[in-house]
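Worksheet: the structure to be examined is printed underneath.
Proteins come first, then strands; the chains are lettered A, B, ... in the order of their sequence lines, and each starts at number 1.
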Amino acid sequence: MIIIKKNMKSKKSNDDFFKKVLKIVGKIPKGKVTTYGEIAQAIGLKSSARMVGWALNSAAGDDSLPCHRVINRNGELTGKRHFRTPELMRELLENEGIEFLGDKVNIKKHLWRPK
DNA sequence: CCGCTGACCCTAG
DNA sequence: ACTAGGGCCAGCG
(Lines give C-alpha, C1' and ligand atoms only; values in the text may rest on other atoms or scores of the structure.)
Protein backbone atom coordinates (compact mmCIF):
# COMPACT_ATOMS: atom_id res chain seq x y z
CA MET A 1 0.00 0.00 0.00
CA ILE A 2 2.84 2.28 0.68
CA ILE A 3 5.19 1.38 -2.08
CA ILE A 4 5.33 1.25 -5.87
CA LYS A 5 4.80 4.96 -6.07
CA LYS A 6 8.31 5.99 -6.87
CA ASN A 7 8.98 3.30 -9.41
CA MET A 8 5.88 4.01 -11.43
CA LYS A 9 6.34 7.71 -11.48
CA SER A 10 9.86 7.54 -12.80
CA LYS A 11 8.97 5.30 -15.68
CA LYS A 12 5.93 7.26 -16.69
CA SER A 13 7.71 10.56 -16.68
CA ASN A 14 10.35 9.49 -19.14
CA ASP A 15 7.86 8.07 -21.62
CA ASP A 16 5.61 11.09 -21.35
CA PHE A 17 8.45 13.44 -22.09
CA PHE A 18 9.41 11.55 -25.21
CA LYS A 19 5.84 11.57 -26.45
CA LYS A 20 5.40 15.29 -25.99
CA VAL A 21 8.53 16.11 -27.90
CA LEU A 22 7.45 14.16 -30.94
CA LYS A 23 4.00 15.67 -30.77
CA ILE A 24 5.20 19.26 -30.64
CA VAL A 25 7.81 18.82 -33.34
CA GLY A 26 5.20 17.23 -35.59
CA LYS A 27 3.00 20.29 -35.14
CA ILE A 28 5.54 22.74 -36.47
CA PRO A 29 3.95 24.40 -39.51
CA LYS A 30 5.71 24.46 -42.86
CA GLY A 31 7.95 27.44 -43.34
CA LYS A 32 8.50 27.86 -39.61
CA VAL A 33 11.22 26.86 -37.20
CA THR A 34 11.48 26.43 -33.45
CA THR A 35 14.20 25.86 -30.92
CA TYR A 36 15.10 23.15 -28.45
CA GLY A 37 14.63 25.54 -25.59
CA GLU A 38 11.12 26.54 -26.60
CA ILE A 39 10.08 22.92 -26.91
CA ALA A 40 11.63 22.10 -23.57
CA GLN A 41 9.72 24.91 -21.92
CA ALA A 42 6.48 23.95 -23.63
CA ILE A 43 6.84 20.48 -22.18
CA GLY A 44 7.52 21.88 -18.75
CA LEU A 45 11.23 21.30 -18.38
CA LYS A 46 12.95 24.63 -18.16
CA SER A 47 16.52 23.66 -18.75
CA SER A 48 16.40 20.36 -20.51
CA ALA A 49 16.84 21.39 -24.10
CA ARG A 50 19.40 18.60 -24.43
CA MET A 51 16.69 16.05 -23.81
CA VAL A 52 14.80 17.34 -26.81
CA GLY A 53 17.76 16.49 -28.99
CA TRP A 54 18.03 13.15 -27.28
CA ALA A 55 14.41 12.36 -28.13
CA LEU A 56 14.91 13.37 -31.74
CA ASN A 57 17.99 11.23 -31.97
CA SER A 58 15.96 8.22 -30.91
CA ALA A 59 13.40 9.12 -33.55
CA ALA A 60 15.94 9.86 -36.28
CA GLY A 61 14.91 8.43 -39.61
CA ASP A 62 11.25 9.20 -39.15
CA ASP A 63 10.09 11.11 -42.21
CA SER A 64 6.95 12.23 -40.41
CA LEU A 65 9.08 14.09 -37.93
CA PRO A 66 10.37 17.45 -39.28
CA CYS A 67 13.41 17.55 -37.05
CA HIS A 68 15.09 19.89 -39.54
CA ARG A 69 12.77 22.62 -38.29
CA VAL A 70 14.26 22.35 -34.85
CA ILE A 71 17.38 24.43 -34.34
CA ASN A 72 19.28 26.03 -31.49
CA ARG A 73 18.72 29.47 -30.00
CA ASN A 74 21.44 30.98 -32.13
CA GLY A 75 19.74 29.94 -35.37
CA GLU A 76 22.45 27.40 -36.10
CA LEU A 77 21.72 23.99 -37.56
CA THR A 78 23.40 22.07 -34.83
CA GLY A 79 21.57 18.87 -35.59
CA LYS A 80 22.63 18.67 -39.22
CA ARG A 81 25.36 16.20 -38.33
CA HIS A 82 22.78 13.61 -37.33
CA PHE A 83 21.04 13.69 -40.68
CA ARG A 84 21.79 11.38 -43.53
CA THR A 85 23.86 14.17 -45.00
CA PRO A 86 24.86 17.49 -43.39
CA GLU A 87 23.46 19.41 -46.34
CA LEU A 88 20.07 17.73 -46.20
CA MET A 89 18.86 19.84 -43.31
CA ARG A 90 19.56 23.12 -45.05
CA GLU A 91 18.09 21.89 -48.30
CA LEU A 92 14.83 20.98 -46.61
CA LEU A 93 14.58 24.33 -44.87
CA GLU A 94 15.34 26.32 -47.98
CA ASN A 95 12.83 24.24 -49.87
CA GLU A 96 10.14 25.30 -47.42
CA GLY A 97 10.93 28.98 -47.74
CA ILE A 98 13.20 29.49 -44.75
CA GLU A 99 15.65 32.32 -45.24
CA PHE A 100 19.28 31.96 -44.32
CA LEU A 101 21.69 34.52 -43.00
CA GLY A 102 25.03 33.16 -43.99
CA ASP A 103 25.25 29.71 -42.43
CA LYS A 104 22.44 30.38 -40.00
CA VAL A 105 18.66 30.46 -40.22
CA ASN A 106 16.74 33.72 -40.06
CA ILE A 107 15.14 32.56 -36.85
CA LYS A 108 13.73 35.94 -35.99
CA LYS A 109 11.56 35.84 -39.06
CA HIS A 110 10.44 32.22 -38.98
CA LEU A 111 10.36 31.45 -35.27
CA TRP A 112 7.33 29.46 -34.22
CA ARG A 113 6.47 28.92 -30.57
CA PRO A 114 4.44 25.90 -29.44
CA LYS A 115 1.40 26.75 -27.40
C1' DC B 1 27.80 2.30 -8.59
C1' DC B 2 30.59 6.08 -10.77
C1' DG B 3 31.62 8.97 -14.34
C1' DC B 4 31.40 10.72 -19.12
C1' DT B 5 28.85 12.33 -22.98
C1' DG B 6 25.24 14.82 -25.52
C1' DA B 7 21.10 17.81 -31.85
C1' DC B 8 21.37 23.12 -25.40
C1' DC B 9 20.86 27.47 -22.56
C1' DC B 10 22.10 31.03 -19.17
C1' DT B 11 25.18 33.95 -16.41
C1' DA B 12 29.53 36.14 -15.36
C1' DG B 13 34.14 38.18 -16.33
C1' DA C 1 31.72 41.04 -28.61
C1' DC C 2 34.05 36.69 -26.96
C1' DT C 3 35.27 32.90 -23.74
C1' DA C 4 34.58 30.05 -19.78
C1' DG C 5 31.86 27.50 -16.59
C1' DG C 6 27.67 25.52 -14.43
C1' DG C 7 23.11 23.24 -14.85
C1' DC C 8 19.94 20.24 -16.75
C1' DC C 9 18.02 14.72 -17.59
C1' DA C 10 18.85 10.38 -19.66
C1' DG C 11 21.72 6.70 -21.76
C1' DC C 12 25.83 3.86 -21.79
C1' DG C 13 30.52 1.58 -20.55
Tell me: [atom1] of [X] to [atom2] of [N], nearest whole Å?
| X | N | atom1 | atom2 | result |
| --- | --- | --- | --- | --- |
| I43(A) | dC8(B) | CD1 | C1' | 13 Å |
| F18(A) | dA7(B) | CZ | P | 16 Å |
| I39(A) | dC8(C) | CD1 | P | 21 Å |
| N74(A) | dC9(B) | CG | P | 9 Å |
| E76(A) | dC9(B) | CD | C1' | 14 Å |
| R73(A) | dG7(C) | CZ | P | 22 Å |
| M51(A) | dC9(B) | CE | C1' | 13 Å |
| R81(A) | dA7(B) | CZ | C1' | 10 Å |

Measure from the side chain of [X], starting at C-beta and using heavy atoms only, and say which of [options] lies closest.
| X | options | result |
| --- | --- | --- |
| N72(A) | dA7(B), dG11(C), dC9(B) | dC9(B) |
| R50(A) | dA7(B), dC9(B), dG7(C) | dG7(C) |
| A60(A) | dA7(B), dC9(C), dG11(C) | dA7(B) |
| L56(A) | dC8(B), dA7(B), dA10(C) | dA7(B) |

query = Would the number of heavy atoms belonging to other residues, nucleotides or ligands and lying under 6.0 Å from CD of E87(A) be above 12?
reply = no

task = Count the heavy atoms of every other residue, nucleotide or ligand shown that sit under 6.0 Å from CG of D103(A), and state whether that count exceeds 12.
result = no

ask   = Think R90(A) forms a cation-pi with F100(A), using NZ or CZ under 6.0 Å from the six-ring centre and within 45 degrees of its axis?
value = yes

ask   = Using the P atom in both, what is the distance from dA7(B) to dC2(C), to the nearest Å?
value =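 About 24 Å, rounded to a whole number of Å.
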
inquiry  = What's N57(A) touching, base or sugar-phosphate or nothing? Going by heavy atoms closer than 4.0 Å.
reply    = base

message = I'd like to know if E96(A) and K30(A) make a salt bridge, using a cut-off of under 4.0 Å between side-chain N and carboxylate O.
response = no

message = Quick check on dC8(B): is either OP1 or OP2 less than 4.0 Å from any side-chain nitrogen or oxygen of T78(A)?
response = yes

Shortest non-hydrogen contact between L65(A) and G26(A), atoms and distance = CD1-N, 4.2 Å

